[in-house]
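Below you'll find the structure, written out as structure tokens, and then a few comments.
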Protein chains: 2
Amino acid sequence: MAAQRGEGDGVVTSPEAPADVRERARAIPEAAVARLAVYLRVLSGMVEQGVTTISSEELAGAAGVNSAKLRKDLSYIGSYGTRGVGYDVEVLVSHIERILGLTRKHSVAVVGIGNLGHALANYGGFPSRGFPVAALFDIDPDLTGVPVGGIPVNHIDDITSVCSEREVSIGVIATPPQAAQAVCDRLVSAGVQCILNFAPVVLQVPDYVEVRKVDLAVEMQILSFHVARRADEAANDVVNGIGVDGVVIRP
Amino acid sequence: MAAQRGEGDGVVTSPEAPADVRERARAIPEAAVARLAVYLRVLSGMVEQGVTTISSEELAGAAGVNSAKLRKDLSYIGSYGTRGVGYDVEVLVSHIERILGLTRKHSVAVVGIGNLGHALANYGGFPSRGFPVAALFDIDPDLTGVPVGGIPVNHIDDITSVCSEREVSIGVIATPPQAAQAVCDRLVSAGVQCILNFAPVVLQVPDYVEVRKVDLAVEMQILSFHVARRADEAANDVVNGIGVDGVVIRP
DNA sequence: TCAACTTTGTGCAAGCGTTCACAAGCGGTA
DNA sequence: TACCGCTTGTGAACGCTTGCACAAAGTTGA
């Protein structure tokens, strides 16, 4: 059992690899993958605006990163830029989409149709980006059959059959924390290997399952930490003779 | 203007620091802060179960991390364990809460009362953890005055006055992407220094503002990448004579 | 055709974060 | 009190990311 992200990602260099996309994909750092997704969004916006070519400097600015990092990230997926000119926006889009596996559709199942589940089921960003919501589940029998966002809710007991039948590749857990581990286990036994977890619980899963978590409480507490740090710094600075605005009050 | 997380976090060692919490807080790595929040939740669960003492090994297991990392994380906030015994759960809880700044309340404003905004406004996890939702905003005049989750919605034009009046320290952006930057600017001018952004946009903010983003599309695409990588590996392994289950089919 | 200019792609070094491994310290026991 | 076993706290090594700086490569203009 591996728990969430972390160890176990040891990149194993396989013997005599056909130097192509396969090997490339293994070597891309997780952090770079996350940024590639951001670049992709920015680039999609560019396409709509009719921009055909973009420099690393411009793209980096729009994506909020440093241009050297951007170029390194793009170099992981190959060299598709033109020196002295920049990158062809459409070419870049299609290469990033290929690397991120967005050329095929990934069916999504949402489990737990509460406030968040409703929001997710109705969220337009999923289907439009190649992530059709293929199934909804809840434990409440009253919800069974009721359509949410155009899809009827199934009972949670049918997870295994429905998920394998509809070839769900990504499971989204939006249940209360108590139910999350059980739901996760069922998803895994239904063959789902990627899970996005909104429940504030550390899920235990087999090594081959990829879990990403979105934890609002943790995000809020990180922000809280920064508020506190800032307040402390201010207090500290005042003690050291520097005013709250950074103005030195006792030179 | 700094964009989101990244550089600019250069830890400046201030002169003759009173070796206490203030200096400690600066030195804690961001990643460790995120984990501390997780430990805190696990520990809270322990308290409810009546557990009084816990070893690093146990806590690490429950939090899904390696025990050495856990001990190092805890060492950032001080030495509150007893060698040969472990940590006193309640002591640890109160120290983590102090470091994360959870001893004071942090008022939250949610902007954009769509599906997600509703879910956030009704989310019980916020108030119970010291993050009272103090204000809601939307651009739709029909929503103004309508209570959601017990709090009446204000019009977006009143952000500045309402936020400073109610001492909002954290702003949550749950608007469509087009509106996000404008809303962000208003929050910043209202004095909000911490922002949690759900809109799929890279926000541009002044250096002193802390932005965290929750980006569903990016999360999905990271999972998609792993699905694709896995499929490629499987294909690759079959080529190399290893079956899908890891069974060598051509020895 | 050639020179000047622009922008990519990448080797290298510095900085962080993670992991290892073990000394230091504490409670229990004789 | 002295010893033993267990667990913390942390110095040091390792490895991954980031950022710098520059050669390579392409375009433009004369």
Side-chain angles (χ1 to χ4, degrees), chain A residues 2-13 24 26-36 38-39 43 51-89 91-92 95 222, chain B residues 2-13 19 24 26-36 38-39 43 51-61 63-89 91-92 95-96:
Chain A
Q4 248 75 325
R5 314 250 64 264
E7 19 51 68
D9 302 300
V11 178
V12 183
T13 11
R24 278 238 171 77
R26 294 195 186 197
I28 305 179
E30 187 88 6
V33 173
R35 285 190 298 264
L36 283 172
V38 174
Y39 305 153
L43 288 166
V51 179
T52 58
T53 294
I54 193 169
S55 73
S56 62
E57 203 71 43
E58 288 172 291
L59 182 50
V65 302
N66 149 335
S67 72
K69 191 188 295 189
L70 175 114
R71 288 199 300 275
K72 181 139 289 186
D73 286 344
L74 292 182
S75 81
Y76 290 127
I77 66 174
S79 304
Y80 304 114
T82 306
R83 293 169 194 233
V85 179
Y87 299 90
D88 182 290
V89 176
V91 170
L92 216 46
H95 282 294
I222 294 172
Chain B
Q4 248 76 323
R5 311 250 67 263
E7 22 48 69
D9 302 301
V11 179
V12 183
T13 10
R24 278 238 170 77
R26 294 194 185 198
I28 304 179
E30 187 89 5
V33 173
R35 286 190 298 266
L36 283 171
V38 175
Y39 305 153
L43 288 167
V51 179
T52 58
T53 295
I54 193 168
S55 73
S56 63
E57 203 71 44
E58 289 172 290
L59 181 51
V65 301
N66 148 335
S67 71
K69 191 188 293 188
L70 176 114
R71 288 199 301 276
K72 178 135 289 186
D73 287 345
L74 293 182
S75 81
Y76 290 127
I77 66 173
S79 305
Y80 303 115
T82 307
R83 291 167 195 236
V85 180
Y87 299 90
D88 182 291
V89 176
V91 169
L92 216 45
H95 281 295
I96 296 179

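Side chains are part of it too, since the values below use all heavy atoms of this structure and drop only hydrogens, waters and symmetry mates. Each chain gets a letter, A, B and so on, in the order its sequence line appears, and its residues count up from 1. From a predicted model like this one, the values you see are computed outputs, not experimental measurements.
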Worksheet item: Reading nucleotides 25-30 of chain C from the 5' end, what letters show protein touch, with B for base, S for backbone sugar-phosphate only, - for no heavy atom under 4.0 Å?
Response: BBS---
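- Between C:dC20 and B:Arg71, no contact under 4.0 Å exists linking OP1 or OP2 to a side-chain N or O.
- Judged as a side-chain contact (heavy atoms from CB on, under 4.5 Å), and not counting sequence neighbours, the contacts of A:Ala32 are A:Ile28, A:Pro29, A:Arg35, A:Asp73, A:Tyr76.
- Judged as a side-chain contact (heavy atoms from CB on, under 4.5 Å), and not counting sequence neighbours, A:Thr52 has no contacts.
- Map B:Ile54 and A:Ala32 each onto its nearest nucleotide of DNA chain D; the residue landing nearer the 5' end is B:Ile54.
- For D:dG9, one of the phosphate oxygens OP1 or OP2 lies less than 4.0 angstrom from a side-chain nitrogen or oxygen of B:Tyr87.
- Here the nucleotide nearest the side chain of B:Lys72, chosen from D:dA12, C:dT10, C:dA21, is D:dA12.
- Following rounding to the nearest Å, A:Glu57 (CD) and D:dG19 (P) show an atom-to-atom distance of 13 Å.
- From B:Tyr87, atom OH reaches atom OG1 of B:Thr82 across 9.5 Å, with rounding to the nearest 0.5 Å.
- In this entry the distance linking CG of B:Leu70 with C1' of D:dT10 reads 14 Å, nearest Å.
- Minimum atom distance to the side chain of B:Ser56 is reached by D:dT8, of the listed D:dT8, D:dC20, C:dT18.
- A search for side-chain contact (heavy atoms from CB on, under 4.5 Å) contacts involving B:Ser55 returns B:Glu57, B:Glu58, not counting sequence neighbours.
- Closest to the B:Ser55 side chain, of the nucleotides D:dT7, C:dT10, D:dT10, is D:dT7.
- For the pair A:Leu59 CG and C:dT8 C1', the interatomic distance rounds to 13 Å; values are reported in whole Å.
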